[in-house]
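Below, chain A is the first sequence line, B the second, and so on; all start at residue 1. Model, not experiment: these values are computed from the prediction.
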Amino acid sequence: MKKPVIHAQDVSLTFQTNDGPVHALKDVNLAINRGEFVSFIGPSGCGKTTFLRCIAALETPTSGNLHVNSISAEEARKARSYGYVFQAPGLYPWRTIASNIRLPLEIMNYTKQAQKERVEKVLDLVDLKGFGKKYPWQLSGGMQQRASIARALSFDADILLMDEPFGALDEIVRDKLNEELLALWARTRKTIGFVTHSIPEAVYLSTKIVVMSPRPGRITDVIESPLPKDRPLSIRDTPEFLAVAQRVRAGLEAGHGT
Amino acid sequence: MKHTILPVVTVLAVVVLFWYGAAIWLNAPWAYDQAARAGTTLGWGDMVAQTMEQSRPVLPAPHQVLAGLWDGITGQKITSRRSLVWHGGITLSVTALGFVIGTVAGILLAVTIIYSRTMDMSVMPWAIASQTVPIVAIAPMVIVVLASLGIKGVVPKALIAAYLSFFPVLVGMVKGLRSPDSMQLDLLRTYGASDAAVFWRLRLPSSMPYLFASLKVGVAASVVGTIVAELPAGAMAGLGARLLQGSYHGQTIQIWAALFTAAILAAALVGIVSLIERRVLKRMGLA
């Protein structure tokens, strides 16, 4: 049997606050296989971001097991298994786009030659060829976010974790980037974890949709998408798409009811 | 530009007018006194004229200070003890050394404080306490103690200047080195970056705007520290010494001229730091 890339068993995380304990995650069980595109959707406070941060070992679960590539999340982080994309591009204003993308490569001690080749390659992947010498302020918000995706891809981590990466962008740009992200995923075959609170975005992108609900943060539904791999934007008007979206909405509402 | 010149000139004119008014008011008693001794009466016009040209006025008129300043800067050989350029040069050299020592000390302390909670808890209160002690009280002690150890000349004075200038740099750099937000720090964690990499690639560049703001305060404080340090040493050199001599001999014009030289020196130093700040921050995309 194929081993899942990410395997969570009874993962719980409780924050101790002045107002008493907050159950950010409660008994989360999930298996993600290689090459899957998994979206986490739910209202604010449902723990979707917290779970993504647990996978990246930026948070430590208070109980349960979380394995990535059959080792602990912490070890996987140290083995540089993750590319992480945040909601804001977080590019350094004092570095050019190419230099920003080179940042992880410098930290990981790649040779100068390898750095150059990889920067060229990922700039091409995110369709920013020729923008390497620009500074972040010279680029639009959408282009900056593409640069931050390139930065996450530059060191060839198997897993790409994205925390509402397009949340701050307008819908037109977001549609375009969603389309590009699918193309990029098809080319690189990476495993992607994607946090969003947009139902169309989750359904359009994912092979698997994880619906979560708050207080305590937990999984209420896991939907394997029946949609084909090849997805033009127009697929969002098909009955199959709407049926999946309907099921996600039902899951979100059920979570609210309790 | 045109819109800013008029208000600036207006404010300057008001200050100068107020100063002349104060000079007449403060110097008038002496003028009347002189007239009474000579057995003459003094009309208002003559009184005003006299308050403008006393040799030891209570408050010198602006043109007298300017004349004193001009004579001190251009009218003397720069090796002369009467030259404000010579005194200013000595003050500048001590200021510069003190500023460098203070800046390096401030940055190093800030680095230890952000990486060690113990240092934060133990050093910061002392740093704050150090600034609540009046510098005029500490300066003579530092000079006497160091002199007894055989350290004389520039170094003790520079240490007093550094004592004043390290603090703004320390406070600014602690804030600046802590300025990267958690997202930026998390990003580097996902790369498995070492503390050193986080420091050199993120914390230090992020702190630059804070550093320059602190350096401007620090360099001005360094001038003040130097002048205070020049007072008690019985020093014969430096703007502080020039101030002290002026007050010994009631040479108010000399005092004011030295004061203005110090102000010009401080303003020029702050100006230089601002210029470097603008260039660096612009280059870094932070301005």
Side-chain angles (χ1 to χ4, degrees), chain A residues 49 52-53 55-60 68 73-97 99-110 134-139 144 148 151-152 154-157 159-165 168 193, chain B residues 103 106-107 110-111 114-115 117 169 172-216 272-287:
Chain A
T49 292
L52 204 70
R53 290 174 62 83
I55 297 175
L58 294 173
E59 306 280 356
T60 312
V68 176
E74 179 82 18
E75 288 166 323
R77 173 158 67 77
K78 290 190 174 136
R80 284 143 185 183
S81 308
Y82 310 111
Y84 206 105
V85 179
F86 294 86
Q87 182 167 8
L91 301 169
Y92 293 179
W94 55 89
R95 283 174 169 249
T96 60
I97 297 301
S99 179
N100 264 293
I101 295 172
R102 209 185 301 128
L103 176 71
L105 303 174
E106 286 172 9
I107 290 171
M108 297 173 190
N109 291 322
Y110 281 78
K134 300 273 187 205
Y135 282 87
W137 58 270
Q138 293 173 302
L139 269 58
Q144 288 187 26
S148 91
R151 183 179 54 189
S154 66
F155 52 96
D156 256 337
I159 303 166
L160 190 56
L161 299 173
M162 308 177 88
D163 186 3
E164 294 188 44
Chain B
T103 302
I107 292 175
V111 172
I114 63 154
Y115 281 112
R117 193 164 156 69
V169 176
M173 280 306 275
V174 167
K175 179 111 178 128
L177 291 171
R178 282 179 179 157
S179 67
D181 59 33
S182 58
M183 189 200 87
Q184 286 176 309
L185 293 170
D186 280 346
L187 181 68
L188 289 181
R189 277 177 74 193
T190 65
Y191 303 152
S194 63
D195 279 354
V198 174
F199 179 80
W200 290 110
R201 293 180 201 281
L202 177 60
R203 287 191 192 275
L204 196 63
S206 303
S207 71
M208 283 302 125
Y210 298 84
L211 174 64
F212 278 106
S214 304
L215 289 183
K216 281 193 268 187
I272 292 169
V273 175
S274 300
L275 207 71
I276 299 170
E277 172 185 40
R278 214 175 316 158
R279 290 204 160 180
V280 171
L281 295 191
K282 192 159 184 193
R283 225 190 125 73
M284 290 179 68
L286 292 169

*How far apart are the closest heavy atoms of A:Leu58 and B:Arg189, and which atoms are they?*
O-NH1, 3.7 Å

_Restricting to non-hydrogen atoms, name the atom on A:Pro93 and the atom on B:Gly285 that form the minimum distance, rounded to 0.1 Å._
CB-O, 3.6 Å

*May I ask you to name which of A:Lys78, A:Glu106, A:Arg95 has the most heavy-atom pairs under 4.5 Å with chain B?*
A:Glu106

*How long is the span from the OH atom in A:Tyr92 to the OG atom in B:Ser206, to the nearest 0.5 Å?*
7.0 Å

*Selection from B:Pro205, B:Ser194, B:Gly192, B:Ala197 maximising heavy-atom pairs under 4.5 Å formed with chain A*: B:Pro205

*asked:* Other residues, nucleotides and ligands only: do more than 12 of their heavy atoms fall within 6.0 Å of NZ on B:Lys175?
replied: no

*Looking at A:Pro104, A:Ala152, A:Gly83, which makes the most heavy-atom pairs under 4.5 Å with chain B?*
A:Pro104

*Does the pair B:Tyr191 and A:Arg151 meet the rule for a side chain to side chain contact (heavy atoms under 4.5 Å, CB included), with working shown?*
CA-CA 11 Å; B:Tyr191 303 152; A:Arg151 183 179 54 189; 3.2 Å; yes

*Which bit of A:Ala79 is near chain B, if near means a heavy-atom gap under 4.5 Å: side chain, backbone, both or neither?*
neither

*Do you know the tightest heavy-atom contact between A:Gly90 and B:Leu187?*
O-CD2, 4.4 Å

_I'd like to verify something: which residue of A:Pro136, A:Ala56, A:Ala88 has the highest number of heavy-atom pairs under 4.5 Å with chain B?_
A:Ala88

*What part of B:Leu202 is in contact with chain A, defined as an atom under 4.5 angstrom from a non-hydrogen atom: side chain, backbone, both or neither?*
both

*Rounded to the nearest 0.5 Å, how far apart are OH of A:Tyr84 and CE of B:Met183?*
10.5 Å

*Quick one: are B:Asp186 and A:Phe86 in side-chain contact, heavy atoms under 4.5 Å?*
yes

*Closest approach of A:Arg77 and B:Thr190, non-hydrogen atoms and distance?*
CD-CA, 4.1 Å

